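Inspection log for the structure reproduced underneath, given as structure tokens.
Since the structure is predicted, the reported quantities are computational estimates derived from the model, not experimental observations.
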Amino acid sequence: MYIRTIKITFKDSMSKDMFVNYTDTKADEQGIANGTLMKFIMSNSDVIATLILIFPDYDTFKRDDKNLAGPIIQSMRNQDLKVELHQGEIVGATAVSADFLKVLENKANFYSSKN
């Protein structure tokens, strides 16, 4: 598996809220169709958010970067927002609580992948 984090410092809380709404209503379905396994956003402060994307492999990450995340990142940089990127392969064993799926069933939006 492969992960990317995108930490964005927005100019104000309204911009941050608009970004969260955009990803929740527009980008999620396209990302999942491109092969993304999971997306979530961590709120770091009123004006900072970190988007966390999980992919099955590097090739899927690159496809998402080319088709979806890359243009969004460039748009944010064009607005002079601070954007910090980190990505890499997951190493070591992946630990998952048996309760994880129960939590997802109660709180997550599910999309089917076209892959």
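Few gaps surround CE on Met42; more than 12 heavy atoms of other groups in view lie less than 6.0 Å from it. Within 6.0 Å of CD in Gln74 there are more than 12 heavy atoms belonging to other residues, nucleotides or ligands. Residue-environment remark: CG (Asp46) stays at or below the threshold of 12 foreign heavy atoms within 6.0 Å.
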Intermediate values then yes/no, side-chain contact (heavy atoms from CB on, under 4.5 Å), Ile90 and Ile3:
CA-CA 7 Å; Ile90 295 175; Ile3 289 185; 3.7 Å; yes
Verdict with reasoning, Ile54 to Phe40, per side-chain contact (heavy atoms from CB on, under 4.5 Å):
CA-CA 9 Å; Ile54 303 173; Phe40 51 97; 4.2 Å; yes
Please evaluate residues Asp59 and Lys62 with respect to the criterion salt bridge (Lys or Arg N to Asp or Glu O under 4.0 Å), reporting the C-alpha separation (whole Å), side-chain torsions for both, the decisive distance (0.1 Å), and the verdict.
CA-CA 5 Å; Asp59 290 337; Lys62 289 302 290 178; over 6 Å; no
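Taking the side chain as every heavy atom from C-beta outward, Lys102 and Asp99 approach each other to under 4.5 Å.
Put simply, CD1 on Ile6 and CE on Met76 are 7.0 Å apart, with the number rounded to the nearest 0.5 Å.
The ring-ring contact (aromatic ring centres under 6.0 Å, His included) search around Phe19 returns Phe10, not counting sequence neighbours.
Residues Pro56 and Gly35 come closest through the heavy atom pair CD-O, 3.2 Å. Closest approach of Leu68 and Gln30 over heavy atoms only: CD1-OE1, 3.5 Å. Taking both residues in full, the closest heavy atoms of Asp64 and Leu53 are given as OD2-CD1, 4.1 Å, listed atom of the first, atom of the second, then distance. The shortest heavy-atom contact between Phe110 and Glu105 is CE1-CA, 4.0 Å.
No single ILVMFWY cluster, assembled from side-chain heavy atoms under 4.5 Å apart, contains both Met1 and Leu85.
Side-chain polar atoms of Lys16 and Ser45 form no donor-acceptor pair below 3.5 angstrom. Using a 3.5 Å distance cut-off with no hydrogens or angles, the side chains of Thr60 and Asp57 do pair a donor with an acceptor. Using a 3.5 Å distance cut-off with no hydrogens or angles, the side chains of Asn44 and Thr50 do pair a donor with an acceptor.
Relative orientation of the Phe61 and Tyr2 rings is tilted, given thresholds of 30° and 60° on the angle between their planes.
With respect to the salt-bridge test (charged N to carboxylate O, under 4.0 angstrom), the residues Arg4 and Asp65 qualify. Taking 4.0 Å as the cut-off between side-chain N and carboxylate O, Asp24 and Lys39 count as a salt-bridged pair.
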